[in-house]
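Worksheet: one structure, shown below.
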Amino acid sequence: YDVRVVTTDLDHAECLNFGPDGACYAGGEDGQVYRFRRGEPAEVYARTGGGIGGVCLDADGRLYDCNYGRAVVHRVTPGSEVSTYSAGTADHPTIEPNYAVFDPAGFLYYSDSGSYYRPNGRLFVVTPQGATELLFGGHLHYPNGMAIDPERSWLYVVQSTASNIIRFRIEAPERLGEPEIYVTLRGVVPDGLAFAASGNLYAACYAPDVILRV
């Protein structure tokens with residue numbers, strides 16, 4: 001394997017994502033929003049406070065952070081303007097937003113991990129118009145990383161405390177089928193999730209320090 005250091009001195013960057021400008025983006029434990037290119041120092045171009053887990057970007061280069069410290073999802077413009085994009089719904093406010101992913105139509109799916117030792121995690125979706133809906137309110141075991149498969153038929157979700165990856169058939173942008181276990185990853189705590197163009201699924205683990213290929 002060819003492993004290289006791309007940049008250094010990030011503050012507990014939990015997630016990486018590339019923007020339409022080709023730069024790489026990440027969040028920090030103190031709410032820093034980082035932007036960098038290979039071989040260049042990371043630039044902090046916005047601060048949201050709290051602590052940032054997952055990040056993703058839309059086609060206009062706006063970043064969306066799952067801020068577990070503020071219990072909201074922020075939207076950050078390329079010009080550093082920060083606003084609250086989602087805080088759950090009136091009946092179901094978010095507890096610990098953790099990871100987010102866009103579908104091609106602009107619907108933003110994100111996991112709300114809930115409590116680490118209680119199966120009270122949920123999934124939310126934000127429409128392109130900015131309305132938040134509870135997508136799955138079942139008793140998920142610390143839902144974390146998420147990914148949509150290359151065929152755009154399934155939403156894959158890590159359950160960190162159950163050591164598995166489950167998946168939901170996407171029946172409509174705002175409706176999922178019932179969950180099914182895709183793979184059990186014994187002896188690890190899976191965290192982040194991403195698909196390769198080949199269809200392989202990669203899970204980055206919180207413990208131990210490994211990346212698994214499914």
Side-chain angles (χ1 to χ4, degrees), residues 1 13-18 26-27 52-57 64-66 68 73 86 88 92 94-127 132-214:
Y1 297 99
E14 281 207 29
C15 181
L16 303 175
N17 220 302
F18 287 91
I52 297 175
V55 298
C56 65
L57 288 95
Y64 299 77
D65 79 339
C66 289
Y68 54 81
V73 176
S86 177
H92 302 282
T94 47
I95 300 170
E96 188 175 327
N98 201 324
Y99 206 95
V101 62
F102 272 107
D103 77 355
F107 287 81
L108 180 72
Y109 300 87
Y110 70 91
S111 58
D112 179 16
S113 295
S115 305
Y116 193 79
Y117 296 105
R118 292 174 53 200
N120 62 346
R122 302 164 297 180
L123 304 179
F124 288 91
V125 63
V126 187
T127 70
T132 301
E133 298 182 14
L134 180 65
L135 187 62
F136 187 82
H139 303 295
L140 298 178
H141 295 259
Y142 206 81
N144 200 334
M146 303 198 304
I148 295 175
D149 72 313
E151 287 74 34
R152 302 168 182 172
S153 300
W154 296 88
L155 176 67
Y156 289 72
V157 181
V158 164
Q159 290 195 117
S160 291
T161 54
S163 297
N164 65 18
I165 299 170
I166 59 175
R167 66 179 185 175
F168 301 80
R169 182 171 289 281
I170 302 173
E171 297 179 349
E174 299 162 87
R175 187 176 70 251
L176 300 177
E178 289 299 310
E180 61 181 55
I181 294 177
Y182 179 64
V183 65
T184 298
L185 305 170
R186 302 188 186 282
V188 304
V189 181
D191 194 328
L193 203 60
F195 270 101
S198 65
N200 288 336
L201 186 60
Y202 290 83
C205 296
Y206 174 75
D209 297 322
V210 298
I211 296 174
L212 303 177
R213 180 176 62 194
V214 183

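Any value given below was found using the heavy atoms of this structure, including those in side chains, with hydrogens, waters and symmetry copies removed.
- Distance check, rounded to the nearest 0.5 Å: SG of C66 to CG of N98 gives 6.5 Å.
- Between L155 and V101, the closest side-chain pair of non-hydrogen atoms falls below 4.5 Å.
- The 12-atom threshold is exceeded at CG of L134, counting heavy atoms of other residues, nucleotides or ligands nearer than 6.0 Å.
- Scanning all heavy atoms of the two residues, the minimum distance from L57 to F102 falls at O-CD1, 3.7 Å.
- In this structure the side chain of C205 never reaches within 4.5 angstrom of the side chain of V189, judged on heavy atoms.
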* To do: Tell me, with the steps shown, if V126 and V73 meet side-chain contact (heavy atoms from CB on, under 4.5 Å).
  => CA-CA 10 Å; V126 187; V73 176; over 6 Å; no
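- Between the side chains of S160 and Y206, no donor N or O sits under 3.5 Å from an acceptor N or O.
- Across T132 and S86, no two heavy atoms sit closer than the pair OG1-OG, 2.8 Å.
- One finds the NE2 atom of H141 at 13.0 Å from the OG atom of S113 (value rounded to the nearest 0.5 Å).
- Counting heavy atoms from C-beta on, the side chains of T127 and E174 come closer than 4.5 Å.
- Side-chain contact between P173 and D103: present, with at least one pair of heavy atoms (C-beta onward) separated by less than 4.5 Å.
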* side-chain contact (heavy atoms from CB on, under 4.5 Å) between E133 and F107, intermediate numbers included -> CA-CA 11 Å; E133 298 182 14; F107 287 81; over 6 Å; no
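- Classified by interplanar angle (parallel below 30°, tilted 30° to 60°, perpendicular above 60°), the ring pair F124/Y110 is parallel.
- Of the inter-residue distances, the one linking L140 atom CG with T161 atom OG1 reads 9.5 Å to the nearest 0.5 angstrom.
- Of the options V158, L212, N164, a side chain to side chain contact (heavy atoms under 4.5 Å, CB included) to L185 is made by L212 and by none of the others.
- To the nearest 0.5 Å, the span separating CG on L123 from CG on L176 amounts to 7.0 Å.
- Between the side chains of R167 and Y182, no donor-acceptor pair of N or O atoms lies under 3.5 Å.
- Among all heavy-atom pairs drawn from N144 and P190, the shortest one is ND2-O, 4.3 Å.
- A distance of 6.5 Å separates CG in L193 from OH in Y99, rounded to the nearest 0.5 Å.
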* Decide yes or no on side-chain contact (heavy atoms from CB on, under 4.5 Å) for C56 and L108, but give the supporting numbers first. => CA-CA 9 Å; C56 65; L108 180 72; 3.6 Å; yes
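- Distance OG/S115 to CD1/I95: 5.5 Å, rounded to 0.5 Å.
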* Asked: Can you list the steps and then say if R169 with S153 is a side-chain contact (heavy atoms from CB on, under 4.5 Å)?
  -> CA-CA 6 Å; R169 182 171 289 281; S153 300; 4.1 Å; yes
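- Looking at heavy atoms from C-beta onward, I170 lies out of side-chain contact with R175 at the 4.5 angstrom threshold.
- In this structure, a donor-acceptor pair under 3.5 Å is present between the side chains of E96 and Y142.
- Side-chain contact between C15 and I52 is absent, with no heavy-atom pair separated by less than 4.5 Å.
- A centroid separation of less than 6.0 Å is found between the aromatic rings of Y156 and F195.
- The side-chain heavy atoms of Y109 and I148, taken from C-beta on, include a pair separated by under 4.5 Å.
- With sequence neighbours excluded, the residues satisfying side-chain hydrogen bond (donor to acceptor under 3.5 Å, both in side chains) with D112 are R122.
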